[in-house]
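A quick write-up on the structure given underneath.
Bear in mind that the values here come from a model prediction, so they are computed numbers and not experimental data. For the single chain, residues carry numbers from 1 onward in sequence order. Just follow the structure's listing: the first ligand is 1, and inside any ligand the first atom is 1.
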Amino acid sequence: MSCEKAYITTPIYYVNDIAHIGHAYTTIIADTLARYSRLSGLDTYFLTGTDEHGQKIEEAAKSRGKSTQNYADEISATFKDLWDEFDISYDKFIRTTDMDHMKGVQKAFSVMHANGDIYKDTYKGHYCISCETFFPAIQLVDDEFCPECGKSTTVVEEESYFFKLSKYEKPLLDWYENNPDCILPRSKRNEVIRFVEGGLQDLSITRTSFDWGVKLPKEMNDPKHVMYVWLDALMNYVTALGYGTDDKDMDYWPARVQLIGKDILRFHAIYWPAFLMSLGLPLPKHIAAHGWWTRDGEKMSKSKGNVVNPREIADAYGLDNFRYFMLREVPFGGDGDFSQKALIDRINSDLGNDLGNLLNRLIGMSGKYFEGTVNSEHVATYYQNELDEVHASLEKLEPFIFEMQIHRYLEELWKPLTVANKAIDRYQPWTLMKEGKEEEAMALNGLIAAILAKVSVMLYPVMPEICTKISNALHFSIDNESWKKMIKSTTLLNTFVLEKIDPLFPRIEKPLLEQIEPIDQETEPKASKKPEIKENEKAQGVALIGIDQFFQTSLKIGTVVKAEEVPKSKKLLLLQVDIGEESPRQVVAGIKEWYTAADMLGTQVCVVANLKPAKLMGLKSEGMLLAAKDENGLCMIRPEQPKTVGTPIS
Ligand code: ME8
């Protein structure tokens, strides 16, 4: 008899960025689900991986002077290494540059095309490279900026194949209607319904202006097109199972839970099911969108240098503690704030006081009175009420996991610990022993051990390492057998001699990290982190830097030799500035509100000459001009007298 299957997926992460706490959060939730699923006897398949195609990755590689494939290999490996270090129990790590995946995507394109869902036309509109998303002009901010990330968009007009998304408007609405839990939490489902009810436009699914993507299937005979990165990426969930190649694991489809962050809900709750319908494949059971993590109340971003490095936190505070914190702290779907204080509170209170302390009490009691022996024979005789209470809580747990209410799962799981701690306070083993009630005291020992064992089975998916330590001390293994015995029925532990182990959660008195370092991204531009202002510098309101730091900035005199407006931009001028090099530097400057192109032509400016190139409205900018802005507007900083181009400013 084949057993029930559970396929669990994370998003595949872009390789333009190294894993941070947000990525770790998604992956840890998925790992928890996968571990629970295996524990409860489901035939489980857990997929994660990296998303490696598209313009964003191509540009990231270019700006670092690396070949795109080498660059993708490098960053993909950093994700895999981190998940391995974190003992993430994935069954497959997919990369969209895997040959099988690419074949599967081509197959999907052929099937959709054969079904009449793909046609060729011209796409005209805006594209945000950072979000890899098309936006109609009316959705832009200030006619130019991406409504999602605020970055400048690129104007695109190119031949493209389109997917008939509009055709799936009604079937999608029916799916949402008939499957109230298809998108979790339910509030997110309502958002999606409102969006789809507003009308769906057909979706451009190929690009011609760059190369780094999956080519169309041969029979299309159209080699200049590559697939839109989201079509390519979403297909990973089935190509990983062999779709389009050997179909080897396709019996795991449809997925039980597809975990994502709320930022990519639309792609997963609209495009993805529409693609699946077109392919004639069943739809996932749940798409579960979690909220956003901030750091000490602020949005994390590389430019602020406040991105939390999950490895550093896990090293300092313990991986399982970090896992527990993330899952317990935030109701699924809500946003969460990371601070060392909140983490320490959870460790000292929930883990130390409630769980760790209970184990210490058991070690103390059994050691003092029974030389470490724990015997459960008479537990039911003396403590049936307590056992009933514990089993009532345990029975409630399972639905919470697959309804993505993990914080409630943990909340409920803490109730048996309260029952146990209260039982010791109330029945007082020292009094029982004094009164000669040795059997009752031993039964109390057995009760506490049973509660600890049962809690550690159910806590294992969240804290695998700690719970394995507890189960070793209690002489049993956590697996489907013990899950069936201790959770699904009311079995207690066999007689054993308790192993003494060191305290699991030593109290933490103060933050263990003086300062959380931003992720060291060899491959990323260094975050321009504001230096900390030291005590003796406070009067001046700015941090002091050494002369060496100042000289790291190369400032030069330049002359504007060409100036023009950036079409469709209210803010930008496109300048060519001669700074004494072989050819002028192209600088895109946000000064159009104060200067016309004619104002700038022929004038001298101060140029920051060693900034990494950036792209604004699709135009490369190779420097920055110094300017000063107050409430009266902006003015350029210029030399008092004409100076030779390229003269250093110091
Ligand atoms: O979107 N808080 O990849 P990505 C919580 N390649 N979660 C966060 C987070 C934060 N601050 N930041 C990121 C992509 N995440 C696509 C996905 S899937 C077919 C393609 C998590 O590298 C969250 O799960 O930008 C989010 O959905 C994911 O990282 C985005 O990762």
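Of the polar atoms of G261, at least one N or O is found under 3.5 Å from an N or O of ligand 1, judged by distance alone.
Taking each heavy atom of R323 and F86 in turn, the nearest pair found is NH1-O, 4.4 Å. Taking each heavy atom of C146 and F135 in turn, the nearest pair found is SG-CE1, 3.5 Å. Here the closest heavy-atom approach between residue A30 and residue T10 is recorded as CB-CG2, 3.5 Å. Shown here for F46 and A34, the closest heavy-atom pair between the two residues is CD2-CB, 3.6 Å.
Close approach of ligand 1 to D51 is summarised as follows: ligand atoms under 4.0 Å from at least one heavy atom of the residue are 6 (N), 16 (C), 20 (C). Every atom of ligand 1 with a heavy atom of G22 under 4.0 Å away is listed here by number and element: 2 (N), 5 (C), 7 (N), 8 (C), 9 (C), 10 (C), 15 (N), 21 (C). Near H268, with a cut-off below 4.0 Å to any heavy atom, the atoms of ligand 1 are 18 (S), 19 (C). The atoms of ligand 1 that sit less than 4.0 Å from any heavy atom of A233 are 19 (C).
In K170, the NZ atom is not crowded: 12 or fewer heavy atoms of neighbouring residues, nucleotides or ligands sit closer than 6.0 Å.
In this structure, K262 has no heavy atom closer than 4.0 Å to ligand 1. Put simply, no part of E132 is less than 4.0 Å from ligand 1, judged by heavy atoms. Ligand 1 is approached by G291 to a heavy-atom distance shorter than 4.0 Å. Judged by the shortest distance from any of its heavy atoms, D17 lies outside the 4.0 Å radius around the atoms of ligand 1.
From the protein, the heavy atom lying nearest to atom 17 (C) of ligand 1 is I12 O, 3.2 Å. With respect to atom 7 (N) of ligand 1, the closest heavy atom belonging to the protein is H290 CE1, 3.2 Å. Looking at atom 4 (P) of ligand 1, its nearest protein heavy atom turns out to be Y14 CD1, 3.7 Å. Atom 12 (N) of ligand 1 has as its closest protein heavy atom H20 CE1, 3.0 Å. Looking from atom 19 (C) of ligand 1 to the surrounding protein, the closest heavy atom is Y237 OH, 3.5 Å. The nearest protein atom to atom 29 (O) of ligand 1, hydrogens excluded, is given as H23 CD2, 3.3 Å; this is a heavy-atom distance. Of all protein heavy atoms, the one closest to atom 1 (O) of ligand 1 is I264 CG2, 3.5 Å. Scanning the protein for heavy atoms near atom 24 (O) of ligand 1, the closest one is T26 OG1, 2.7 Å.
Here Y317 pairs with nothing under the ring-ring contact (aromatic ring centres under 6.0 Å, His included) rule; sequence neighbours left out.
Here W230 has side-chain heavy atoms under 4.0 Å from ligand 1, and that is the only part of it that gets that close. When heavy-atom distances to ligand 1 are checked against a 4.0 Å cut-off, M300 comes that close only through its side chain, counted from C-beta outward.
Judged purely by atom type and a 3.5 angstrom limit, K285 has no side-chain atom pairing as donor or acceptor with the backbone of V257. A distance-only check finds no donor-acceptor pair linking the side chain of D98 to the backbone of D100 [under 3.5 Å]. Distance alone, capped at 3.5 Å, is enough to place a donor-acceptor pair between the H20 side chain and the G22 backbone. Under a 3.5 Å cut-off, the side chain of N16 and the backbone N or O of I57 do not form any donor-acceptor pair. At least one donor-acceptor pair under 3.5 Å links the side chain of N115 to the backbone N or O of S278.
The side chain to side chain donor-acceptor pair (under 3.5 Å) pairs that include a residue from residues 50-62 are T50-E52, T50-S76, E52-S76, E52-R95, E52-T97, H53-D232, Q55-R207, E59-K615, where partners are two or more places apart or lie in different chains.
For the residues L234, I18, D263, V308, the heavy atom positioned nearest atom 26 (C) of ligand 1 is part of D263. The closest heavy-atom contact to atom 9 (C) of ligand 1, among the options Y13, W292, W293, comes from W292.
In this structure, R256 satisfies the cation-pi test against F402, with its NZ or CZ atom closer than 6.0 Å to the six-membered ring centre and inside 45 degrees of the ring normal.
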